[in-house]
Amino acid sequence: MYKRSGADAQVGKSLVSMLDGCQHRGPDSTGFALYHDAKQGELRLRFFVGEGPHADMKVEEIKTHLADHNANILSDERAGTSYSVVVHFEGDVQKFSYDMEHTAKVFSIGESLDIIKDTGGAHDVDDAYHVRDFHGTHGIGHVRLATESDVTPDASHPFWATGFTDIAIVHNGQITNYYKMRRRLEKRGFAFNTSNDSELIAVYLADKLSQGRTLHQALAQSIEDLDGTFSFLVSTKDEIGFAKDRLAAKPMVMYETDDLIAIASEEVSLNRLFPGQALNTTEPPPGTYRTWRRSI
Amino acid sequence: MATLDLAQLSVRDANERLRALGAAGEDVDLINPDARHHIGVGLTHPIKVRIRGSAGYFCAGLTDGPRFEVEANVGWGLADNMLKGSIVVNGNASAIAAVAIRGAEVVVKGNIGSRAGQVMKEGTLLCCGNANFMAGYMMYGGRIVILGNSGEQVGQDMTGGSIYVAGKVQSLGTDAQLIDLPHDEADDIAQFLDRYGIPFKGTLQKIVNAGKKLRYPRTEPRTRQVPFFMASGAVSGYWNTKVQEDIFIRSQIGRYRIRGYGASRALPHLSDIGFRKNVTGVQHDRDVVNKVKLATEIGGRTGAVPIKLSMPVTIAPMSYGALSKSTKVALAIASKLSGVSENTGEGGMSDEQRAAADQIIYQCLSGRLGWNIHDMRRANGIEIYISQGAKPGLGGQLMAKKVTKEIARIRGIPAGIDLRSPSRHPDVLGADDLVIKVEEFREATGYRIPVSVKLGAGRVRDDIKIAYKDGFDFVELDGLQGSTGAASHEVLEYVGIPTLSAIQEAMDALGELDATGAAIRNMPIVLMGGVKDGVDVAKALALGAYAVALGTGAIIAGGCIACLQCHVGSCVVGIATQDPEHEKRYNVPVEAQNIHRYLESVRWQLAAVTRALGHDDVHQLSRDDLVALTPEAAAITRLPYVPAAREQAPQRTTFRKAS
């Protein structure tokens, strides 16, 4: 996150280069959560449609269903395996997103959030989606080595907090009380679109936020509620934050100046932003969390 | 003084240059490190290396002798397994600094991350700032000096060594205690600090092992032995002599039992697979081994020198420690005579074993017992053990009677403890960490030695895919029927996945990765876990394994009576013992010949079956040659269920009770 007011930094380029720096940790897929300027009454949606004639049909279906929900398309674009669209929409976003999920896999919905993710390395995804051209204040990214679920774009990180606008997460680790937590949230009417534990963290945090907690409070509670090994980053329209489990099994290192906060699994990624410099980095202790808010 | 610029050179090239400069005795300045991993790995010359910036993971790992200085920070696994030599870090060190060191001096002027000094054996880790969570976790020896605060759970499950803390002891770990600091030790530390120019005026508190968990409180009473063959297979189903014995002993000790060998209960196995053709006619051809191509190679996937096998058979990993040195030497001799490979197992490589074997695979386990750069370099293959079929997810056990002075020396641990190896590696807590670990091994050995992974069958499908992506040259896949020198009865019987399911899932996983079969060809599977003869080998190969490993069979050929008392340490035939009086009973040249002849019988059986099935190369064996003899085996393997083929099977099956 670039902290200065009105920052128009090369967030896309920085993320591509940081992820390339730790690509050895995840050769399967790469993803980005980017935050555009929000406009009143507009929503950004990105769908996974795949490729070929089947994808063309999928896009037509999406258009029809958007019209059914009175979401008027302002602009749209096909890139890689996804279809992104900006619509004018006023209504219940959670219900809208659950409905749209029946049409196609939704990567993200938000006033400013756009999640781009696909199989391949950071540069492959950048080539297909031109992530490097993105300017803004903040974003998060992830490279994935699939361990339990498939190598597909929709099983990649970042994960959107299904049904809650503008909340995204990247996660390294394993939530061992996944089913227990998921059942609790499902009983309260939340839907899950994957069997990935990282989606659970996103929905869990979004639920806390929608109940009026701050991100800071939600992260504090997450360390109590989630079992297992985790280091995760969460981002919203205006904030980013991290939480780290008590066992400190997963790495995390950060570098902060007056202008920027950069967090990565390894210092080698941070050094990509500052080649040739010895950085004064810190490692968050186990069981800790923190948040940063951009200047508006 | 030479300068190496990492903005120009890859770490791999820089490390090659470092080794050459080391051999020439020239000091090195390394610029633009930018926190890259594996800097200085595998350096074994006493030169001085200055790193002008931050280093990444495993900085100075697997080294002996050099003196490093790092201007800023280092990542995970600083000085991993460093023998002699030193490293001074001016910034902070991340998790597991000084992991598994065996003599090195590691000085960190800033803070250290979690689990510093995990499984360290000898040497000093000095942290001038604060330590984090679980410093000294499972340390076996040496000392950790922390001038700041200790962090939580300091000394968690430490076995030996000492931790000194000048700041606040935030909380003590399990089985750790605070004691008074002897004067001579205070002087020693003062001298050490002085040598590195660290000013210090405070006082130190000392933390050592509290001695509550080093031994099992009650040992198992001796009873009349019930050999494995009387308690396994179809007879093991319900009440039997062994069940009675187990209940009796548990009634005396009030805990789980430990025993040797593997699962005794009946499971679907290779004996439930038959051949499509009648193979009984071939036995009259005495010269069949010359008519079938048996020789093969494993380990060339990434350009390392492959292991050459005269037939697709290896000796399974079994440790010096669990087994006597005589037994390890006999296995090594037999492996050479039969042109196959030997494997060190957990406890390190003895000179005698190295000398006797032609090709030897060197195993790296969680406790890093007997692990070092010099033995890595004289190995023909490296194997990182994640788990084993007999006890997936658990570490090894070596009871006190076998932890003699000699075994303790080679492993770097205190003698006379009930050794329980850690269940996981200090530096491999996920598939992503494993990638970096494998790369460290390759750097240390100049990419010349194949690196493999040993997997106890668990979630095979996922694990095999991870192994493939992590770039292993081959996989040793071990099923539930695999034996061990010591494990709890419950785990042996009920934890794990049968060998038959394991190979099928592995093939499915590799097939899913690449439908053309390229993944199967690229990463050979060495199957083990109850493979007992050449007929089983043929079936394993036809199911997709590229080679097999024989452990129990080789031990039995070399005189084992399968009494299940491997863990006790007083093996009557001198195999599973470290007692010199017992070991004397083991006649190395005779048993080496016995094991060799057994291996040759395996060769003949394999050739005969292959030939009978109409092939002239063992790698032509395929699923088309097989049928399932039981519905269970058919369900597992998706082979056609042909019970009639049982009549022409070369041996009786054990899964169905014989009537």
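Please read these numbers as outputs of a predicted model, since none were measured by experiment. Side chains are part of it too, since the values below use all heavy atoms of this structure and drop only hydrogens, waters and symmetry mates.
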Closest approach of A:Leu145 and B:Ala431, non-hydrogen atoms and distance?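 Answer, listing the atom of A:Leu145 first, then B:Ala431: CD2-CB, 3.7 Å.
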Any idea which heavy atoms bring B:Tyr57 and A:Ser265 closest together, and the distance?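 The answer is OH-O, 4.1 Å.
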I need the residue from [options] with the largest number of non-hydrogen atom pairs under 4.5 Å to chain B.
options: A:Leu247, A:Val143, A:Leu270; answer: A:Leu247
options: A:Arg144, A:Arg272, A:Arg246, A:Gln174; answer: A:Arg246
options: A:Asp28, A:Val253, A:Thr229; answer: A:Asp28

More than 12 heavy atoms from other groups under 6.0 Å of [atom1] on [X]:
X: B:Arg424; atom1: CZ; result: no
X: A:Lys3; atom1: NZ; result: yes
X: A:Phe274; atom1: CZ; result: yes

Select all residues of residues 92-99 of chain B having any heavy atom within less than 4.5 Å of some heavy atom of chain A, and report them by number, or 'none'.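 Answer by number: B:Asn92, B:Ser94, B:Ala95.
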Those residues of residues 30-38 of chain B, ordered by number, that approach chain A below 4.5 Å (heavy atom to heavy atom):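 Heavy-atom contacts from residues 30-38 of chain B to chain A are B:Asn32, B:Asp34, B:Ala35, B:Arg36, B:His37.
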Any donor-acceptor pair under 3.5 Å from B:Lys469 side chain to A:Gly26 backbone: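 Between the backbone of A:Gly26 and the side chain of B:Lys469 there is no qualifying donor-acceptor contact (under 3.5 Å).
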Under 4.5 Å from a heavy atom of chain A, the part of B:Arg459 involved: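 Just its side chain gets close to chain A.
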Identify which part of B:Arg115 has an atom lying under 4.5 Å from any heavy atom of chain A, answering side chain, backbone, both or neither.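 Only the side chain of B:Arg115 comes within 4.5 Å of chain A.
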Do A:Pro251 and B:Trp76 have side chains that approach each other closer than 4.5 Å (heavy atoms only, starting at C-beta)?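 When only atoms from C-beta onward are counted, B:Trp76 and A:Pro251 do touch, with a gap below 4.5 Å.
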In the structure I gave you, are the side-chain heavy atoms of B:Asp433 and A:Arg25 within less than 4.5 Å of one another anywhere?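 Yes - at least one pair of side-chain heavy atoms lies under 4.5 Å apart.
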Measuring heavy-atom distances to chain B, does [X] have an atom under 4.5 Å in its side chain, in its backbone, in both, or in neither?
X: A:Glu267; answer: both
X: A:Val151; answer: side chain
X: A:Ser269; answer: neither

Which one of B:Leu6, B:Asp470, B:Leu429 has the most heavy-atom pairs closer than 4.5 Å to chain A?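 Most heavy-atom pairs under 4.5 Å with chain A: B:Leu429.
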If we count only N and O atoms by modelled type, under 3.5 Å, do the side chains of A:Thr147 and B:Asp462 hold a donor and an acceptor together?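 Not at all, the side chains of A:Thr147 and B:Asp462 share no donor-acceptor pair under 3.5 Å.
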